[in-house]
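One structure is given here, and the rest of the page talks about it.
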Amino acid sequence: MSAPLIIDCMQGSPAWCAARAGRLTGSVASAILATLKTGGEPAARRDLRTQLALERITGGPIAEDSYTNADMARGTALEPAARAAYEQRSGALVRQVGFLQHPELLAGCSPDGLIDEDGLLEIKCPRPANHLRLVRAGTVVPSEHLPQITHNLWIAGADWCDYVSYCPLFPAPLDLIVIRVLASSLDLAAYELAARLFLGEVDAEVAAINRLLTERRDQ
């Protein structure tokens, strides 16, 4: 795959929201992999397909994509401090970017930083109890975050991602946990196949909605 297109913008800005609209991103990667034991399609996957289809038709993000909660707000507020702490302890310089667009597909990601020529940074700022669980786990990334890391490595074509958990309520060095995830340890080919299949479903949904629009306007 060719290198992704780098969109230089501030994450969270109108330009960033426009760049992401209609594209499969890392923050929702888990939805395309969701399954039900009883069969059928999970609501999260169905809702994401409809959301992306509507964003492509309308040309901009829809209201559901702007949802935030207390945990997300805390992460946004603490991210600069977490990035600075990572740089200080690792000795690495982190380059901040807005959005990386896949050169072919309507997909992309917003990594928390690029490191050297082959690395990514993914920052999480969890509640103290969740951070403590990670401290005790040592080298295991929470399973709920692996789809996002997998997606971002696929888009960026990077060799590794440093997963950071930061909680300033803990004294150093327990406030910052770093776990390196190698791209070679993940099945990126399987993920790419799942992503391409899902994006094909979004294309079909766009076509179906446009047909409905045409039918109703012709009535």
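Numbering of residues begins at 1 and proceeds along the displayed sequence.
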* Asked: Once you round to the nearest 0.5 Å, how far does CG of Asp203 lie from CZ of Arg56?
  -> 5.0 Å
* Asked: Within a strict 4.5 Å, meaning less than it, do heavy atoms of the Ile179 and Val140 side chains meet?
  -> no
* Asked: Would you say Asp112 and Glu79 make side-chain contact, with heavy atoms under 4.5 Å?
  -> yes
* Asked: How about Leu33 and Phe198: do any of their side-chain heavy atoms sit closer than 4.5 Å?
  -> no
* Asked: Crowded around Arg127 CZ? As in, over 12 foreign heavy atoms under 6.0 Å?
  -> no
* Salt bridge Arg217-Glu215, side-chain N to carboxylate O under 4.0 Å -> no
* For the pair Arg196 and Glu104, evaluate side-chain contact (heavy atoms from CB on, under 4.5 Å) and give the outcome as yes or no after the intermediate values. => CA-CA 11 Å; Arg196 287 179 177 274; Glu104 173 193 350; 3.2 Å; yes
* Heavy-atom closest pair, residues Ala82 and Cys125 -> CB-SG, 4.4 Å
* Mind checking whether His151 and Tyr191 have parallel, tilted or perpendicular rings, split at 30° and 60°? -> perpendicular
* Consider only side-chain N and O atoms of Asp175 and Tyr166, and report whether a donor and an acceptor are under 3.5 Å apart. => no
* On the 0 to 90° scale, with breaks at 30° and 60°, tag the His131-Phe170 ring pair as parallel, tilted or perpendicular. => tilted
* Asked: Less than 4.5 Å apart, any side-chain heavy atom of Pro111 and any of Leu121?
  -> no
* Structure fact -> Rounded to the nearest 0.5 Å, the CD1 atom of Ile149 sits from the CG atom of Asn152 at a distance of 8.0 Å
* Please walk me through it: do Val94 and Leu114 pass side-chain contact (heavy atoms from CB on, under 4.5 Å)? -> CA-CA 6 Å; Val94 179; Leu114 304 180; over 6 Å; no
* To do: Find the distance between OG1 (Thr25) and CG (Leu106) and round it off to the nearest 0.5 Å.
  => 12.5 Å
* Hey, are Arg83 and Glu87 close enough for a salt bridge, meaning a charged N less than 4.0 Å from a carboxylate O? -> no
* Spacing of Leu199 atom CG and Arg23 atom CZ [to the nearest 0.5 Å] -> 10.0 Å
* Asked: Would you call Arg45-Glu201 a salt bridge at under 4.0 Å N-O?
  -> yes
* Asked: Got Glu55 and Pro61 here, is their nearest side-chain heavy-atom distance under 4.5 Å?
  -> yes
* Asked: Is the shortest heavy-atom distance from the side chain of Arg180 to the side chain of Cys161 under 4.5 Å?
  -> no
* Asked: Between OG1 of Thr76 and CD of Gln11, what distance do you get to the nearest 0.5 Å?
  -> 9.0 Å
* Asked: Trp154, Leu186: one ILVMFWY side-chain cluster at the under-4.5 Å cut-off?
  -> yes
* Do you reckon Leu100 sits in the same ILVMFWY cluster as Ile123, going by side-chain contacts under 4.5 Å, direct or chained? -> no
* Asked: Is the closest side-chain heavy-atom distance between Ile115 and Leu120 below 4.5 Å?
  -> no
* To do: Find the distance between CG (Leu93) and OH (Tyr86) and round it off to the nearest 0.5 Å.
  => 10.5 Å
* Checking Ser185 side chain against Val181 main chain: does a donor-acceptor pair fall under 3.5 Å? -> no
* To do: Step through the shown structure and confirm whether more than 12 heavy atoms of other residues, nucleotides or ligands are within 6.0 Å of CD on Glu117.
  => no
* To do: Walk me through it: do Gln51 and Ile62 pass the test side-chain contact (heavy atoms from CB on, under 4.5 Å)?
  => CA-CA 7 Å; Gln51 175 187 328; Ile62 63 175; 3.4 Å; yes
* Residues Glu205 and Arg49 bridged, charged N to O under 4.0 Å -> yes
* Verify side-chain contact (heavy atoms from CB on, under 4.5 Å) between Tyr163 and Leu134, making sure each step is shown before the conclusion. => CA-CA 11 Å; Tyr163 172 88; Leu134 188 59; 3.6 Å; yes
* Validation row: Ser110, Arg20 side chains within 4.5 angstrom (heavy atoms) -> yes
